[in-house]
2 protein chains.
Amino acid sequence: MKLDSLDHQLLKYLQQDAKKTTKELALLLGLSNTAVYERIKKLERQKIITNYVALIDKEKVEKDFMVLCQVKLSQHVKNNIIQFEREVLKLEEVLECYHVSGDYDYILKVLVKNMDAYRKFIIEKLTVISGIGSTQSTFVIKEVKNTTLIVS
Amino acid sequence: MKLDSLDHQLLKYLQQDAKKTTKELALLLGLSNTAVYERIKKLERQKIITNYVALIDKEKVEKDFMVLCQVKLSQHVKNNIIQFEREVLKLEEVLECYHVSGDYDYILKVLVKNMDAYRKFIIEKLTVISGIGSTQSTFVIKEVKNTTLIVS
DNA sequence: CCTGAAAATACAACGGT
DNA sequence: ACCGTTGTATTTTCAGG
């Protein structure tokens, strides 16, 4: 579970380009092919690397209307919380959901095609979940930065 | 640029597991190896697939203190905006930054090790950017959902 | 951690439906 | 557009030291 400097470098490279071959990485790190291979396998076994994914261009698939939606539950009973969190997991429009401090209970990052789709999402999918008190929408004017790279 | 049902399925699979081989994908889609290969290459050429990345476990690299930080600029002049956005891109603690509607101008998703690190981030990195008016922090109690999968 | 070799996959180009 | 086949190149994977 202890990561050395080479592991950190390796993680950084793989978080930027998972298609890098062990050969390329070996060259970058000054290690042999197999040493890199074994390190990657170890990181996968330890679930430090959870998975490999393709990232796609939101605009090119017509999904570039993003809204940060704050949600307040009507009552903070356990059942409401469990229920809301379970339902949110099922909604494909919700990319991220955080239980947060402050006035509202949750902040959701919602991605849809356009305002119409958002209206539909709110009316037909979000507010039909029982236990929701109120919601407030903050619209994204521009995505300035969005990275999956965690520097550790 | 037009995507058919098979392209969409392909994107969905690759967004969930980029390590799937063309052989496996061919089986899933009911296509030949070469057909799948050509489709993937097309999606890459069209930059619909922008890149492939490894995702890592935040907790296991001791980076699981997340804060949503709202930022207001002191004046909405072009220079302030340009400057702020340029500086934010450089901050590795800022995973996401959105220019938004509402009371505040920006919402930042910030990831650090702990509260101490956050305090340090605010004092030494964020508020030293010129043109910043005020900030407000919303702390993440629990990450309920976080996916990179965009269903199109 | 290394070298070296086998197995699997990716990549490219063909003619054919 | 898709299929199948044939290559070859490259990469992954795993011995054994």
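Chain letters run A, B, ... following the sequence lines, proteins first, then strands; residues in each count from 1.
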Checklist entry - Does D:dA1 have OP1 or OP2 sitting under 4.0 Å from an N or O in the side chain of B:Arg39? => result no
Checklist entry - How close or far is atom P of D:dT12 from atom CD of A:Glu44, stated in whole angstroms? => result 11 Å
Checklist entry - Which is true for B:Thr34 with a 4.0 Å heavy-atom rule: it touches a base, it touches only sugar-phosphate, or it touches nothing? => result base
Next on the checklist: Tell me the closest heavy-atom pair linking A:Lys2 and A:Asp7, and the distance in Å.
Outcome noted: O-OD2, 4.1 Å
Item to check | Interatomic distance where NZ belongs to A:Lys23 and P belongs to C:dT3 [whole Å] | outcome: 13 Å
Checklist entry - At under 4.0 Å, does any side-chain N or O of B:Lys41 touch on OP1 or OP2 of C:dC11? => result yes
Next on the checklist: Rounded to whole Å, please give me the gap between OH in B:Tyr37 and P in D:dA1.
Outcome noted: 18 Å
Checklist entry - Is a donor on one side and an acceptor on the other found under 3.5 Å between the side chain of A:Lys19 and the backbone of B:Asn51? => result no
Item to check | Pairwise side-chain contact, A:Phe121 with A:Leu126, heavy-atom cut-off 4.5 Å (strictly under) | outcome: yes
Checklist entry - Considering all heavy atoms of both residues, which atom of B:Leu91 and which atom of A:Lys145 are nearest to each other, and what is their separation? => result O-NZ, 2.8 Å
Item to check | Presence of A:Thr22 side-chain N/O under 4.0 Å of D:dT11 phosphate oxygens OP1/OP2 | outcome: no
Item to check | Length of the line joining A:Lys19:NZ and D:dT10:P, which is rounded to integer Å | outcome: 17 Å
